[in-house]
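In what follows, chains carry the letters A, B, and so on, assigned in the order in which the sequence lines appear, proteins first and then strands, with residues in each chain numbered from 1.
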Amino acid sequence: MAKEGSGSILQFAPLQSSVEEGFWHRLSSLKLNKFGIDDSPIPISGFYAPCSHPQVSNHLTLLAVSLPSDSNDESAMPPTIPSNRNRCSVPGILYNTNTMESFQAFDKQGLLKAEAMKIWEDIHSGKAVEDCAVLSRILLISFADLKKWNFHYWFAFPALALDPPATLVDLRPASQWFTLEEAESVTAACNEWRNSSATADVPFFLVSIGSDSRAAARHLKDLEACQHDGQKLLFAFYDPCHLPNNPGWPLRNFLALISARWNLKTVRFLCYRENRGFADLNLSLVGEALITVQPGWRERQCVPNAVGWELNKGRKVPRCINLAKSMDPTRLAISAADLNLKLMRWRALPSLNLDILFSLKCLLLGAGTLGCQVARMLMAWGVRKITLLDNGRVAMSNPLRQSLYTLDDCLNGGDFKATAAVRSLQRIFPAVEAEGVIMAIPMPGHPVSSQEEKTVLEDCKRLSDLIESHDVIFLLTDTRESRWLPTLLCANTNKITITAALGFDSFLVMRHGPGPLNSNPNLKAETETSLAAGVDNLALTNTDGRHRLGCYFCNDVVAPTDSTSNRTLDQQCTVTRPGLAPIASALAVELLVGILHHPNGMFAEAEIANSNSGGNFELPLGILPHQIRGSLPHFQQMTLVGHSSNTCTACCSTVVSEYRKRAMEFILQAINHPTYLEDLTGLTELMRSASTFQLDWDDEIEAADDECVEL
Amino acid sequence: MDVLHWDGTLSAKDFKIGAFAFAQKWESHNSGFPPWSWVLCPKHPWLASPEEEGYLSLEKICISRPNEEDIDQISQIDTGEEETSCPGNEDVIDDATLVQSGHHELHYCDFHIVYSSTFRVPVLYFRAYCSDGSPFPLDEIEKQLPACSANELSKSKWTFITQEEHPYLKRPWYKLHPCGTAEWMKLLFLSDAAKPKFDVVLELYLLSWFSVVGQVFGLRIPFKISN
């Protein structure tokens, strides 16, 4: 469509910016490693190319290479800019500030004027003719918020305003302006210009057509040679714009050059555009502009007014881009961890339930050799919510065996383990929701004075609350008696409980069976695991506790007592072969994952590993044992089953009911009186009857002494 | 080498040969798209390997237009956050600037075909962005994919998108995980009734590979694998 003789103001389509992500990465790197708080202007390069698509304009692009190199062995000067036919390089400047306030306080008019002055100078000095890319100089202001990874920025494409503006005499597709012969020749000349490495990135040039219809593309400095009679002369430029009725922005400064330097009033121009890499004269436009500037406009010392701040969706506001997802290390760590687990699910374990792992709340009682390893393994499986309870401090020997601690945690008497562990977990994976609780677990057989009673009861209550608010409890302490109260509390609330215990060269890892009383008001209705479903099914088997799987204490015939005092020094330091704790901890976590994926959850029956099962498992994670006992000297491991005992001091129905009836009073009694639990459960009775049985046997022997021969 | 005993993988050298063959075939038959270009990678001075490494690059492919809803959504996000118009700026009144209305937001995708020396297969890396350069997240990309492929992705045994650092550009890109590639490439050629010889396999490797992975993005190769 031709636009003829309207004499209307020539309107240019503004340039649009496009900033590749790599630019912001490099800017951040420069700020962090090189520039620091120095906010001197930074030389940059922009890139653009002629329009290559009939419906889409090309943008002025910034890439990573637009900025100086961020490696340490080069100066801050921009290296040779990699220009090619698709990336014509233009010079520019970046003003990056350190605060939002300074970004907003930029004197935008002033900055624009300064760049306009550079262009004006280049026009008058002749530099713009030699190196015409300077006509398309760019300006960028920015504020890089490197905490939130927000980049605020605003482009300006400085254009010298003609006063009064140029008017449009004619504008039409190039194919309609040239004759067929001319068109063919112009196409060839332009393609040659574009394909030669010497001229491919020169965005302003001349097209001269002789009377023989032969066209040639020439550098701007050859203008005089082209101004012969009989020669048509067009001022050509790479036009990124695709619009059929408007030329692109670069023409503005081109016209300013033509007027100021060569004082031409009528300018015939060619908006050079391409399609699929070749000159397209249907898309390209030829137009005629009339320049009628006031006298004095051309004077070197009078810099014309400049326009060119880029609009943001039509508004005079800066742009902002957030790159946290690809630059914030925590976000990257989270997405990498997620993808890793999903990869496992995709490749090997399609039934892996990642949601349950992500939402699980684990309470670890003990932050020692077992606690540290269990915490790490849980994180590896995608568990994010971990609470560690321990009242000890990190000792000098700890870092070697307790994998969350380093020497720094031991200094000045040693940090509390619970807090040091949480810190360590956060360093490994910032998105972990870890909490430390500094508390001692009340233990039977360690009587407390009446002054301490109040604190002890508070601790009991606190432990009870903690257990209540978590889904899984790991018993990882270093004494038998410290496991008693947690076991009872877990049995009372039917929480998944996993015990790991170490001998010198052997270990035990087991899952506690469900508690004895199944109509449990404490059982949360909203658990999404199969716990709720499992409970209903188990009404039958739980009534007498016979089929219930046992807890840590079920096989014991003595109540937990003080095992720590009256031991010799070497016995007080729990010493184990170092390899045990990692093995046991790993098994404990794998056992947990097995429980979570079993349809019956913690109510699942026990399975034993046998050589007959081969590789075929009913469930994808394999069997779900009750107890795993391992022996390092034999490098062997056994899976065992132990059912609950109805005289168990921790989980039998007598004890749990008593706890429900009298709560803290009961606990206190158990703590203060070493034989109370044994009396309550009938263990005392059991022992007495066992020893009376002994006496009878002796009597019989005495009576029958004459008859029997001593063996 | 016998195709029957082949494990579906490529050596680095073969990848380079195959890449050039692929780029050539693409350019000569596929006028709908710009050509793939080979990008040379900066060599590490301390590595002994004499071979120059590189990857194939196809950039700025327009993947699709969002519908009207999305355009409004995008502008919401922008203006809501950023009300910092710098005050007191009396711009020069300029009649020569064309005022443009209704700006359609287009999304573009860059594709790189990079050789993985761990898996010994080509890997498709990609990323998407809007016309102003801002990145386009994966869940949004998946919405733009042809409906059939989005379905395939979630169920497929062979395709899995992960985010990883681009081996040369050192920035997070998305990629189609390569751990299944050798398997299905082997299957692909074994099931070919024509029973091609190994050197033919090599020449067609990237073409066949791309005809599968490209479908995830609706990039079809418009011609059959030649005999």
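Top candidate by heavy-atom pairs under 4.5 Å with chain B, chosen from A/Pro165, A/Gly314, A/Gly22, is A/Gly22. Chain A forms the most heavy-atom pairs under 4.5 Å with one residue out of B/Glu165, B/Arg171, B/Lys60, B/Glu164, and that residue is B/Arg171. The greatest number of non-hydrogen atom pairs below 4.5 Å with chain A, out of B/Pro137, B/Pro35, B/Cys179, is found for B/Cys179.
Figure legend: A/Lys108 and A/Trp154 shown as a cation-pi pair, the cationic atom lying under 6.0 angstrom from the six-membered ring centre and within 45 degrees of its axis.
To the nearest 0.5 Å, atoms CG (A/Leu140) and OH (A/Tyr95) are separated by 11.5 Å.
Only the side chain of A/Trp249 comes within less than 4.5 Å of a heavy atom of chain B; its backbone N, CA, C and O stay farther away. Using a 4.5 Å cut-off between heavy atoms, A/Leu162 does not touch chain B at all. Only the side chain of A/Leu243 comes within less than 4.5 Å of a heavy atom of chain B; its backbone N, CA, C and O stay farther away. Using a 4.5 Å cut-off between heavy atoms, A/Leu311 does not touch chain B at all. When heavy atoms are compared at a cutoff of 4.5 Å, A/Ala336 does not approach chain B at all. When heavy atoms are compared at a cutoff of 4.5 Å, A/Phe155 does not approach chain B at all. Both the backbone and the side chain of A/Leu339 come within contact range of chain B, judged by heavy atoms closer than 4.5 Å. With a 4.5 angstrom heavy-atom cutoff, A/Ser326 touches chain B via backbone and side-chain atoms both.
No donor-acceptor pair closer than 3.5 Å links the side chain of A/Trp297 to the backbone N or O of A/Val303.
Electrostatic pairing of B/Arg127 and A/Glu20 counts as a salt bridge here, judged by a charged N lying under 4.0 Å from a carboxylate O. A salt bridge links A/Arg252 to B/Asp94: at least one charged side-chain nitrogen sits closer than 4.0 Å to a carboxylate oxygen. Between A/Arg319 and A/Glu310 there is a salt bridge, since at least one side-chain N of the basic residue sits less than 4.0 Å from a carboxylate O of the acidic one.
Within 6.0 Å of the CZ atom in B/Phe20, the count of heavy atoms belonging to other residues, nucleotides or ligands exceeds 12.
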**OP:** Step by step, work out the side chain to side chain donor-acceptor pair (under 3.5 Å) result for B/His177 and B/Thr162.
**Re:** CA-CA 6 Å; B/His177 203 281; B/Thr162 83; 5.4 Å; no
